[in-house]
Amino acid sequence: DFEKIGYVFRYVMEYIRFASAELQEREKLYFQLLGDYQKIPEFYKKNMGSLHNSFNTYHFKRGNCEGIVNLMRFMLGILGIPTENVHCHDKRYTVSMGLNHALLRAKCGGRWLYYDATYDRKNWRDFFGKTYEEISQYVDLSVFEQKIREEENYGFGQYHGATVGK
């Protein structure tokens, strides 16, 4: 499984471009439309979501973090590897305090590891197969992700609000 995840991760790092210019363009358009119409027209909602789509990410070889994660999930699903999208807050991005980033969580060797195929694409190994503690250094993960880690440490179904050290 580790080799399969590595293959998919390397594929997206080498062949899929992070769509930073398109994201900036979309943000400008978003605020322009809000100013012009006080809402986002339906046609634009579909168009603005295209960077999240796994098919568009694969076909056009570019996507945002969620589009890349969706593509990785699709590819790893075909290979039989359990995965989940993880929506989180990236602490390095100070403009937004809400959810602003997506990671992949994949089960490998009986444990869940995190994969971030968006940042520092030259040093991609720094973001490959990170534990909860390692990935938490730069992203805020949900309470659900904390529970996943604790259940992994205590055994599935055995976590009942216990804290480390009890």
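Atoms considered below: every heavy atom in the structure, side chains included; atoms not considered: hydrogens, waters and symmetry mates.
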Q) Nearest heavy-atom pair of Glu134 and Gly129: which atoms, and what distance? A) OE1-O, 4.2 Å

Q) Once you round to the nearest 0.5 Å, how far does CD of Glu14 lie from CZ of Phe9? A) 11.0 Å

Q) Any idea which heavy atoms bring Ala102 and His87 closest together, and the distance? A) CB-ND1, 4.3 Å

Q. Run the side chain to side chain contact (heavy atoms under 4.5 Å, CB included) check on Ile135 and Tyr138 step by step: do they pass?
A. CA-CA 6 Å; Ile135 209 78; Tyr138 74 94; 3.3 Å; yes

Q. Could you walk me through whether Val139 and His101 pass the side chain to side chain contact (heavy atoms under 4.5 Å, CB included) check?
A. CA-CA 9 Å; Val139 297; His101 191 45; 4.3 Å; yes

Q: Would you please say whether a donor-acceptor pair under 3.5 Å links the side chains of Asn53 and His59?
A: no

Q: With rounding to the nearest 0.5 Å, note down the distance linking CD in Glu84 to CZ in Arg73.
A: 5.0 Å

(Q) For the CE atom of Met75 and the CG atom of Leu71, what is their distance to the nearest 0.5 Å? (A) 5.5 Å

Q | Minimum side-chain heavy-atom gap Thr57-Asn70 below 4.5 Å | A | no

Q: Could you label the plane-to-plane angle of the Phe128 and Phe2 rings as parallel, tilted or perpendicular, counting under 30° as parallel and over 60° as perpendicular?
A: perpendicular

Q: Indicate if Leu23 and Ile16 have the same hydrophobic cluster label, given that clusters are the connected sets of ILVMFWY residues with side-chain heavy-atom separations under 4.5 angstrom.
A: yes

Q.
Taking the basic N atoms (NZ, or NE/NH1/NH2) and the acidic carboxylate oxygens, is any pair closer than 4.0 Å for Arg10 and Glu3?
A. no

Q: Compare every heavy atom of Cys108 with every heavy atom of Tyr115, then report the nearest pair and how far apart it is.
A: OH-CB, 4.3 Å

Q. Shortest non-hydrogen contact from Cys65 to Phe18?
A. N-CE1, 3.6 Å

**Q.** Side-chain (Glu145) to main-chain (Ser142) donor-acceptor, under 3.5 angstrom
**A.** no

**Q.** Passing candidate, side chain to side chain contact (heavy atoms under 4.5 Å, CB included) with Asp90, options Leu99, Asn100, Asp140
**A.** Asn100

Q) Is there a side-chain contact between Lys107 and Ile81 (heavy atoms, below 4.5 Å)? A) no

(Q) Could you check whether His52 and Asn64, counting side-chain N and O atoms only, form a donor-acceptor pair closer than 3.5 Å? (A) yes

Q. Cut-off 3.5 Å, side chains only: do Tyr132 and Gln146 have a donor facing an acceptor?
A. yes

Q | Hydrophobic cluster identity match, Val143 and Tyr114, side-chain contacts under 4.5 Å | A | no

Q | Leu29 side chain near Met48 side chain, heavy-atom distance below 4.5 Å | A | yes

Q. Is it true that Asp116 and Lys130 make a salt bridge, defined as a side-chain N closer than 4.0 Å to a carboxylate O?
A. no

**Q.** Where Pro41 and Lys39 come nearest, the two heavy atoms and their spacing
**A.** CD-O, 3.4 Å

Q) Roughly how far, to the nearest 0.5 Å, is CG of Leu104 from OG1 of Thr83? A) 5.5 Å

Q: Check whether any side-chain heavy atom of Val86 sits under 4.5 Å from a side-chain heavy atom of Val69, and report yes or no.
A: no

Q. Should Phe60 and Phe55 count as side-chain neighbours, where that means a heavy-atom distance under 4.5 Å?
A. no

Q: Could you tell me whether the side chain of Glu22 reaches within less than 4.5 Å of the side chain of Arg62, counting heavy atoms only?
A: yes

Q. Would Phe31 end up clustered with Phe43 when hydrophobic side chains under 4.5 Å apart are linked, directly or stepwise?
A. yes

Q | Atom pair CD1 (Ile40) and NZ (Lys45), whose distance is rounded to the nearest 0.5 Å | A | 8.0 Å

Q.
Between Lys28 and Glu25, does any side-chain N to carboxylate O distance fall below 4.0 Å?
A. no

Q | Heavy-atom side-chain proximity of Ile5 to Leu76 below 4.5 angstrom | A | yes

Q | Single-linkage hydrophobic cluster, 4.5 Å side-chain cutoff, Leu79 and Tyr11 together | A | yes

Q) Can you name the nearest heavy-atom pair linking Pro82 to Gly80, along with the distance? A) CD-O, 3.6 Å

(Q) I need the Tyr44 OH to Tyr37 OH distance, nearest 0.5 Å. (A) 6.0 Å

Q. Are any non-hydrogen side-chain atoms of Arg105 and Ile148 less than 4.5 angstrom apart?
A. yes

